[in-house]
2 protein chains.
Amino acid sequence: MRSENQAGRLPAPPSPIADDGDEAHFCRTCAFAGACQAVGYGKPELRELHCLVEHVGPFRSGEHVFRTGNPFRAIFAVRSGTVKTSMVDKEGREQVLGFYLPGEVIGLNAIYPEQFPCDAIALETSHFCRFSFPAMSALAARMPAVQSHLFRLLSKELGSASLLAGDHSADERMAAFLTDLGQRYATRGFSGTEFQLSMSRGDIANYLRLAAETVSRVLSRFRNQGLIQVEGRQLLIRDPAGLRHIGRSLLPD
Amino acid sequence: MRSENQAGRLPAPPSPIADDGDEAHFCRTCAFAGACQAVGYGKPELRELHCLVEHVGPFRSGEHVFRTGNPFRAIFAVRSGTVKTSMVDKEGREQVLGFYLPGEVIGLNAIYPEQFPCDAIALETSHFCRFSFPAMSALAARMPAVQSHLFRLLSKELGSASLLAGDHSADERMAAFLTDLGQRYATRGFSGTEFQLSMSRGDIANYLRLAAETVSRVLSRFRNQGLIQVEGRQLLIRDPAGLRHIGRSLLPD
DNA sequence: GCGCGCCCTTGATCCGGATCAAGAGGCGCG
DNA sequence: CGCGCCTCTTGATCCGGATCAAGGGCGCGC
């Protein structure tokens, strides 16, 4: 399990790290930024939200943030690094459920079963904000903005979960995956066209329900078609519109 | 679009209809029963929850409960009948997202986008309870039980959405589908082994990401193996354990 | 009653992606 | 430095399920 922290051969772009924030501004790129803005900076409620946060990490590549069956006590926002969530089915096969970038939230699917239904594994050295869920719920009851923000986070994840469900070709899946990743990086203020794939081909394949060989082949084909430039895990999207068009049936709008 | 309401050739079992309830008891099989029980019957809060409900229907087979793009104002609990939710992608292909039985809730994935991201279409004559979402949110802020119930509903749906995502054989999907349907009927107090499939083979196929022909073939095979008895849309599960075993990799526990 | 359309079933063929196989490149470690 | 492991790539073959095709049953409207 080598550390992904060191730069690779190529000059790596600055590592995506969510803005650290401070008492007054909190993390600007954080998934809860909206909730904070809604109540206005400096209000006592923001201080309360800020207080129930605990910074945890670093987790090195391969380390678990939580494990299947752990009692559910908190949700986590990614501060830096990348995480994958995955389930292991009864036959011992891993199922990658998703990848989470700085500013995104993991653990929401643990609310109902009251224990984590999946593992969360760091793909590179990562840091998190830990939000105690009981405290968060109590705060939500007093702050409508926080409550509706939680509802929206949950509902949003519902929407994205149904995306990878359809029956689509390997090309469509791959194109949509890369486009989506780029968009999410862009949303958080990083480059949406040039970034590191922090997960292995095997993880991508598993997530997209393809074989690792197929992922490799599709990436090669995209490279030959001039859609992307890819060397190891370093990716450059040369034709974002073309890529988006291939994956259009899986992508919103 | 013929009405599914009339009984078929076979003597149909009593049509699943969620208990109508009254001011004191509300719908016992309803998805919100838990929230009501949590605060105790007869309390003023229950009256409030009961008050924000509006009964709507009947919707005949093929009619829309809501359409993609409709502004989101309310969620719906199925009171009687069955609904499918589906999206139509940019190529005009339909994607069935789910089937909802009496007592289950539709519309949760509309919270984030603030408009319905899918269509909801009655598969047989159906009735609903309509919960105004703004009113529900306001109530949730005052009643922790309602709030946590909403969180749990959302989180639960997150869990089930990731089920059909994996790459599984047609047999596994079909077995898991039938087992799941049976379980859900059983949870609501109906027979879990004998019921009507209220959706067409085409809808099942679309939902499971299979061809309609494959669904037909798998059902025939299951019948020949003595796992089920099926005549048209009337289904009897003869070997629940066997069926569950085939679909085990998709099923919880 | 008769014909038409829809849903369902079953058979034949085809194809995308899985699987099997082999080899290359990089990295950590002894 | 050399070895072994792991990841990635590329080629060859295979298979499950899609697609194409045909036919039956039933409900409904004329």
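Numbers restart at 1 for each chain; the letters A, B, ... are given by sequence-line order, proteins then strands. Every heavy atom of this structure was used, including side-chain atoms; hydrogens, water molecules and symmetry mates were not.
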Between [atom2] of [N] and [atom1] of [X], the distance in whole Å:
{"X": "Glu231(A)", "N": "dT7(D)", "atom1": "CD", "atom2": "P", "result": "19 Å"}
{"X": "Glu172(B)", "N": "dG16(D)", "atom1": "CD", "atom2": "P", "result": "12 Å"}
{"X": "Leu219(A)", "N": "dG17(C)", "atom1": "CG", "atom2": "P", "result": "14 Å"}
{"X": "Met174(A)", "N": "dC8(D)", "atom1": "CE", "atom2": "C1'", "result": "13 Å"}
{"X": "Asp167(A)", "N": "dG17(D)", "atom1": "CG", "atom2": "P", "result": "13 Å"}
{"X": "Leu208(A)", "N": "dG16(C)", "atom1": "CG", "atom2": "C1'", "result": "16 Å"}
{"X": "Ile204(B)", "N": "dC8(C)", "atom1": "CD1", "atom2": "P", "result": "8 Å"}
{"X": "Arg209(B)", "N": "dG16(D)", "atom1": "CZ", "atom2": "C1'", "result": "18 Å"}

Between [X] and [N], is there a side-chain N or O to OP1/OP2 distance below 4.0 Å?
{"X": "Thr214(B)", "N": "dG17(D)", "result": "no"}
{"X": "Ser220(B)", "N": "dT10(C)", "result": "yes"}
{"X": "Arg201(A)", "N": "dT9(D)", "result": "yes"}
{"X": "Arg233(A)", "N": "dC8(D)", "result": "yes"}

Set of side chain to side chain donor-acceptor pair (under 3.5 Å) partners for Gln183(B), sequence neighbours left out: Arg244(B)

Would you indicate what Ser200(A) reaches in the nucleic acid, counting non-hydrogen atoms under 4.0 angstrom: base, sugar-phosphate, or nothing? sugar-phosphate

Earlier contact from the 5' end, DNA chain D, for Gly202(A) and Ala212(B): Gly202(A)

Winner on side-chain proximity to Leu210(B), out of dT9(D), dC20(D), dA18(D), is dA18(D)

Specify whether Phe76(A) and Phe116(A) have parallel, tilted or perpendicular ring planes, treating 30° as the upper limit for parallel and 60° as the lower limit for perpendicular. tilted

For dG16(C), does the base pair up with any side-chain atom of Arg217(A) as donor and acceptor (N or O, under 3.5 Å, distance only)? no

Can a donor-acceptor pair under 3.5 Å be found between the side-chain atoms of Glu213(B) and the base atoms of dC20(D)? yes

Intermediate values then yes/no, ring-ring contact (aromatic ring centres under 6.0 Å, His included), Tyr207(B) and Phe99(B): CA-CA 9 Å; Tyr207(B) 174 66; Phe99(B) 302 107; 5.2 Å; yes

Would you mind telling me which residue lines up with the more 5' stretch of DNA chain C, Val230(B) or Ala211(A), judged by nearest nucleotide? Val230(B)

Is any NZ, NE, NH1 or NH2 atom of the basic residue among Asp171(B) and Arg221(B) found under 4.0 Å from an Asp or Glu carboxylate oxygen of the other? yes

Would you call Glu94(A) and Lys84(A) a salt bridge, taking side-chain N to carboxylate O under 4.0 Å as the test? yes

